[in-house]
Amino acid sequence: MEEARVAVVIEDEEDIRSLLTAVLAQAGFEVHGAPDGYAGLELVREHQPLVTTLDVNMPGIDGFETAKRIRALSTTYIVMLSARTEEIDALQGLEAGADDYVAKPFRPRELRARIDAMLRRPRHHIAAAASGDAGESSGDWLEHQGLRLNVETRIVTVDGEDLELTRSEFDILADLLAAGRRVRGKSDLALMLRGEQFTGIEFVSDSDARAIEVHVANLRRKLGESPTNPRWIETVRGVGYRLTAP
């Protein structure tokens, strides 16, 4: 079943909140707005949006902490927006659970294009309580040394234990599992997250590549593996990543 096109905008500046609401409404979303992180969390909990935009500098709890709390209760796409353009801020946003980090001021057309690119990736909410044991029979499982992933149900298990991943972490892991021992470059993974395929003319920035490094680092942390002695994901220096040898 296709996910409802619901969006939550968490932004303390009313004019920017109105602009974001208009951009998302034009893209076909039912939009709910909040002026701070606490109110935004309640909207996410109530509406379970497909997309959430989130400002970094807000009264009360900031965007980084809000993103972490959203991640604990929702698999919504999180697009973080901030006038803070230092790379460390973008990396902190991704580590908090954001799927993308957009600098202010932003172009409405660019923001919509980035959201559209994310939505081109097939998505399914994980509803374990409703699915019962359907995960074992739904679709094909990708497996590697005790790690199992089901693309259809978006379930990941490690040695039989469920693993909670962000959307981007899940998609990177699925891509690596499907590729096997073939190396997936950072640019390949960045384009995959943008819903594009490599043809040789796309532009992948250094920050895009660094974002992949952060996602993989977070993925490894959740898997509990060391990059120097990996069980599942092997770094190919200067190129990208692949699965470890069986």
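The figures that follow rest on heavy atoms only: side chains count, while hydrogens, waters and symmetry mates do not.
Residue pairs satisfying the salt bridge (Lys or Arg N to Asp or Glu O under 4.0 Å) criterion with at least one member in residues 230-246, sequence neighbours excluded, are listed as follows: Asp159-Arg231, Arg181-Glu234, Glu234-Arg242. Among residue pairs with one or both ends in residues 23-32, none qualify as salt bridge (Lys or Arg N to Asp or Glu O under 4.0 Å); sequence neighbours excluded. Listed by first and then second residue, the side chain to side chain donor-acceptor pair (under 3.5 Å) pairs involving residues 15-28 amount to none (not counting sequence neighbours). For residues 49-73, the pairs satisfying salt bridge (Lys or Arg N to Asp or Glu O under 4.0 Å) are Asp55-Lys104, Glu65-Arg69, Arg71-Asp99, with sequence neighbours left out. Residue pairs that meet the ring pair (Phe, Tyr, Trp, His ring centres under 6.0 Å) test with at least one member in residues 42-61, sequence neighbours left out, are His32-His47.
Smallest separation of non-hydrogen atoms from Ala7 and Leu24: CB-CD1, 3.9 Å.
Residues passing the salt bridge (Lys or Arg N to Asp or Glu O under 4.0 Å) test with Arg112, sequence neighbours excluded: Asp116. Under the side-chain contact (heavy atoms from CB on, under 4.5 Å) criterion, Glu213 pairs with Lys186, Arg210, Tyr241, sequence neighbours left out. Checked against salt bridge (Lys or Arg N to Asp or Glu O under 4.0 Å), Asp12 has no partners two or more places apart in sequence or in another chain. Leu94 pairs by the side-chain contact (heavy atoms from CB on, under 4.5 Å) definition with Ala211, Val214, His215, not counting sequence neighbours. Looking at residues two or more places apart in sequence or on another chain, you find a salt bridge (Lys or Arg N to Asp or Glu O under 4.0 Å) between Lys222 and Glu169. Partners of Ala39 according to the side-chain contact (heavy atoms from CB on, under 4.5 Å) rule, which considers only residues two or more places apart in sequence or in another chain, are Ala34, Pro35, Asp36. Residues passing the side-chain contact (heavy atoms from CB on, under 4.5 Å) test with Leu19 are Val23, Phe106, Pro108, sequence neighbours excluded.
Annotation: side chain of Leu219 is in contact with side chain of Leu165 (closest heavy-atom distance under 4.5 Å).
Side-chain contact of Ser168 with Thr166: a donor-acceptor pair under 3.5 Å is absent, judged by distance alone.
With Trp232 contributing its side chain and Gln145 its backbone, the two residues share a donor-acceptor pair below 3.5 Å.
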